[in-house]
Amino acid sequence: MEKLPPIPIRAGHRWREFRIRYIPALTFLIALVSVVFIWRDHVAAPSYVGEVETVRANVISTLPGLLVELSVDRFDKVTKGQVIGKVYPADPELLKSSLAAIEIELRMLQNRVALDEERNDLNNEQIRLDWLNQRVDLATAKVNLEFAESEFRRVTTLHKEKILSLSEFELAKNLFDARQEEVTEKAKVVAEMEKRLQVMNEAEKSRGGRTNSSLTEAIAGQEAQLLLAEGPITLTSPIDGIVSTINHRAGERVMDGLPIVTITSSQANRIFAFARQPLQVIPKVGDRVQVRTRGSPRKTAIGNVLHVSSGVEMMAAPLNSNGKDGLIELNSVLGNSIERGLPFSVSMPEGLSIYPGEAVDLIVLR
């Protein structure tokens, strides 16, 4: 019997058979590999949730006054000791009045010295009064300079925006330059008189000259008042870091002890975490800890437990997470955490770039 040729099968039927037989198996294998990959690199369950320590420092004024200058803005980088602002302990107008009152008192003391019979023995006090008078003039000149500088900055801004004319700009600039020159010259006079006064004091001590105690006390009182009115309080940065918060701007009145600027350090040395109850694995000092970032791709490094608290404490809301699946609970999101945990700290692993305040996953290795 003659062999018949095979009946041709259409491509659509072959594709249908392939979809029915092989596509489900391939889909299952691909899904299985994907789940293993995602679970290993992205959804691995942490034992604890940690938070990188954030170091903050507040810049405050020791006396209430007027913030006349602020030279930084938010997110600016600053270094330790950098000048970031100035605060006058009093309003400039009140400061002028105070300096005028001190000047009157000093003149009265000068008249008293002139009428005293022991003029030769009071030469030292006379020079000291002259020195204080020059300091009063210098402090007044500095106040005038602050006014001129503030006006010059305002006029410069308006001139750039073509609101004020060139003549008004030059007038403000000339006044500012004149005030600067006045402060410079008066500062030189004060420095020279201070050197002369030091020489007179040394000579007076060497020969055991007489002094008028009441007059000396009166001069010392005026000098103490002058120190309070003399010059602004300089605000400096206590740490290296970045300006994270500005609570007051130039021109505002500030209170003593309240933060004007908050600086956040860009470096962190520790990670804080809580061992959530029930305490299944209690960390111990020296234990190795795997630190896993939450970014993509995840990075891991090894740190060590530095400290373990001696008691259970209330857990902060960002650290209150389920230790089994790593999911933040609803009461944590709402800020109504009532959980307790055992706090401990972990060293910052070398080579792991983590921002202060960033949440990381921790696994204690035993």
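Worth saying up front: this structure is predicted, and the values here are computed from it rather than measured.
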Any sub-3.5 Å donor-acceptor pair from [X]'s side-chain atoms to [Y]'s backbone N or O?
X	Y	answer
Arg74	Ser244	yes
Thr293	Lys299	yes
Ser345	His307	yes

Smallest separation among heavy atoms of [X] and [Y], with atom names:
X	Y	answer
Leu235	Ile60	CD2-O, 3.5 Å
Val59	Pro238	CG2-CD, 3.9 Å
Pro349	Ile271	CD-CD1, 4.3 Å
Asn247	Thr262	ND2-OG1, 4.1 Å
Thr54	Pro356	OG1-C, 3.5 Å
Arg19	Pro24	O-CD, 3.2 Å

Tell me, do [X] and [Y] make a side-chain contact under 4.5 Å, heavy atoms counted?
X	Y	result
Ile302	Val291	no
Glu181	Asp177	no
Arg288	Asn304	yes

According to a 4.5 Å side-chain heavy-atom criterion applied to Ile, Leu, Val, Met, Phe, Trp and Tyr, with indirect links allowed, do [X] and [Y] form part of one hydrophobic cluster?
X	Y	answer
Val72	Ile242	no
Leu26	Leu32	no
Leu175	Leu145	no
Phe344	Leu306	no
Leu352	Met348	yes

Under the salt bridge (Lys or Arg N to Asp or Glu O under 4.0 Å) definition, can you give me all pairs with a residue in residues 61-73, not counting sequence neighbours?
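Found Asp73-Arg249.
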How many angstroms lie between [atom1] in [X] and [atom2] in [Y], if you round to the nearest 0.5 Å?
X	Y	atom1	atom2	result
Asn144	Glu182	CG	CD	6.5 Å
Arg298	Asp361	CZ	CG	5.0 Å
Ile20	Trp15	CD1	CH2	11.5 Å
Arg56	Ile239	CZ	CD1	10.0 Å
His248	Met255	NE2	CE	9.5 Å
Leu362	Asp287	CG	CG	12.0 Å

Neighbour count >12 (heavy atoms, 6.0 Å) for atom CD, Glu252:
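Yes, the 6.0 Å shell around CD holds more than 12 heavy atoms from other groups.
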Arg153 atom CZ, over 12 foreign heavy atoms within 6.0 Å
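For Arg153, atom CZ is crowded (more than 12 foreign heavy atoms under 6.0 Å).
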Set out, in order, the CA-CA distance, both residues' side-chain angles and the distance that settles side-chain contact (heavy atoms from CB on, under 4.5 Å) for Ile84 and Val243, then state yes or no.
CA-CA 10 Å; Ile84 63 175; Val243 177; over 6 Å; no
Taking side-chain hydrogen bond (donor to acceptor under 3.5 Å, both in side chains) as the definition, give me every residue that meets it alongside His159, ordered by chain and number, with sequence neighbours left out.
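Result, side-chain hydrogen bond (donor to acceptor under 3.5 Å, both in side chains) vs His159: none returned.
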I would like to know whether Arg14 and Glu17 meet side-chain contact (heavy atoms from CB on, under 4.5 Å); could you show each step before the answer?
CA-CA 5 Å; Arg14 292 183 183 276; Glu17 184 179 2; 5.6 Å; no
Residues that Phe152 engages under ring pair (Phe, Tyr, Trp, His ring centres under 6.0 Å), provided they are two or more places apart
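Once residues adjacent in sequence are excluded, the partners of Phe152 under the ring pair (Phe, Tyr, Trp, His ring centres under 6.0 Å) criterion are Phe169, Phe176.
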With under 30° as parallel and over 60° as perpendicular, where do the rings of Tyr22 and Phe18 fit, or are they tilted in between?
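Rings of Tyr22 and Phe18: tilted, as their planes differ by 30° to 60°.
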Only one of Leu365, Ile363, Val305 forms a side-chain contact (heavy atoms from CB on, under 4.5 Å) with Val289, so which one is it?
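Going through Leu365, Ile363, Val305 one by one, the side-chain contact (heavy atoms from CB on, under 4.5 Å) with Val289 is satisfied by Val305 alone.
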Charged N to carboxylate O under 4.0 angstrom, Lys173 versus Glu170?
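So Lys173 does not pair with Glu170 through a salt bridge.
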Going by atom types only, do Asp256 and Ser61 share a side-chain donor-acceptor pair under 3.5 Å?
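No, no side-chain donor-acceptor contact under 3.5 Å.
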Would you please test Lys80 and Ile263 for side-chain contact (heavy atoms from CB on, under 4.5 Å) and show each step?
CA-CA 10 Å; Lys80 183 178 181 180; Ile263 298 173; over 6 Å; no
